[in-house]
Amino acid sequence: MGITGMIYMVTMVFSLLVSILSSSTVGFDYFQFTQQYQLAVCHFNPTPCKDPPDKLFTVHGLWPSNKIGGDPEYCKIRNPRKRAKKLEPQLVIIWPNVPDRTNHTGFWSRQWKKHGACGYPTIQNENDYFETVIKMYITEKQNVSRILSNAKIEPDGKSRALVDIENAIRNGTNNKLPKLKCQKKTRVTELVEITLCSDKNRAHFIDCPNPFLPGSPYLCPNNSIRY
Ligand SMILES: *[C@@H]1O[C@H](CO)[C@@H](O)[C@H](O)[C@H]1NC(C)=O
Ligand SMILES: *[C@@H]1O[C@H](CO)[C@@H](O)[C@H](O)[C@H]1NC(C)=O
Ligand SMILES: *[C@@H]1O[C@H](CO)[C@@H](O)[C@H](O)[C@H]1NC(C)=O
Ligand SMILES: *[C@@H]1O[C@H](CO)[C@@H](O)[C@H](O)[C@H]1NC(C)=O
């Protein structure tokens, strides 16, 4: 092999490595659809919420994620189509900036840039990101408040067993396991977030692969979870 052949080989191997590395840093293999309980968000927010919260689970974000390894963030934007203004009336209801309702758009664009752009090609562009979340919450009935309410679990501040919350969610997600986040203040543990997981094409629900582990401040106990 001549010197040109050598250079060619080295270049090929190098560009193959670069493409493997970069695809693994931007790749994802499932989606987390995370909703937050407004009352608890305000209890645990470092600064007080400017407006009173509703007793509702509303969207935190739709996050392309990896079963093993880190989740992608701040990916390159492949298709520049922006969020249409006409989506805003629905977004304000299902995806409010709970601590600061004067700045919903700041919250939405942060979520899009940090997470949404990494969902390509399932998520085509910024407009598609927001349309998809509206479709999931409303048309596909992934409204967690409603799923809990279907199982007679209402936001009345009572203590619940973890298994009752999980089973209520399973009934709305083809019997798949959600991911739950709890937080504790002065010995009372509150339900803060519920995440529904689906495959990377958003075709089916899956069991959420990465629960909070023992030792995490967000681990939900088996009993006495306030909602
Ligand atoms: C709204 O939020 C964005 C993103 O966090 C921030 O950059 C911007 O300064 C905020 N705007 C106001 C008026 O608070
Ligand atoms: C979500 O479900 C709750 C509880 O049933 C309901 O009050 C709320 O209006 C629903 N949100 C939407 C946008 O349908
Ligand atoms: C299960 O889901 C169905 C359909 O949404 C609902 O009518 C029913 O009340 C739910 N049952 C429980 C136990 O959650
Ligand atoms: C919580 O419940 C799970 C499943 O039933 C069980 O494996 C685990 O040991 C329980 N944890 C505690 C601290 O009781």
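Along the sequence shown, residues carry numbers from 1. In listed order, ligands and their atoms are each counted from 1.
- Contact between Y137 and ligand 2 is present, with at least one heavy atom of the residue lying under 4.0 Å from the ligand.
- For the pair I123 and W112, the minimum side-chain heavy-atom distance is below 4.5 Å.
- In terms of protein heavy-atom proximity, atom 5 (O) of ligand 3 is closest to N150 ND2, 3.5 Å.
- A cation-pi arrangement is found for R83 relative to F130, the charged atom lying closer than 6.0 Å to the ring centre and inside a 45° cone about the ring normal.
- Between N79 and Q124, the closest heavy-atom pair is CB-O, 3.4 Å.
- Within the 4.0 angstrom cut-off, atom 11 (N) of ligand 4 has one or more protein heavy-atom neighbours.
- Remark: ligand 3 atoms within the under-4.0 Å shell around heavy atoms of N171 are 1 (C), 2 (O), 3 (C), 8 (C), 10 (C), 11 (N), 12 (C), 14 (O).
- At the top of the distance list for atom 7 (O) of ligand 2, counting protein heavy atoms only, stands L56 CD2, 4.0 Å.
- Nearest protein neighbour of atom 6 (C) of ligand 2, counting heavy atoms only, is R146 NH2, 3.7 Å.
- The neighbour count for L213 CG, taken as heavy atoms of other residues, nucleotides or ligands under 6.0 Å away, is above 12.
- Of all the atoms in ligand 4, the ones that sit under 4.0 Å from a non-hydrogen atom of N222 are 1 (C), 2 (O), 3 (C), 8 (C), 10 (C), 11 (N), 12 (C), 14 (O).
- Around NZ of K185, the count of heavy atoms belonging to other residues, nucleotides or ligands within 6.0 Å exceeds 12.
- Residue contact check: N143 has heavy atoms under 4.0 Å from atoms 1 (C), 2 (O), 3 (C), 8 (C), 10 (C), 11 (N), 12 (C), 14 (O) of ligand 2.
- By the 30° and 60° cut-offs, the orientation of the rings of Y227 relative to F57 is tilted.
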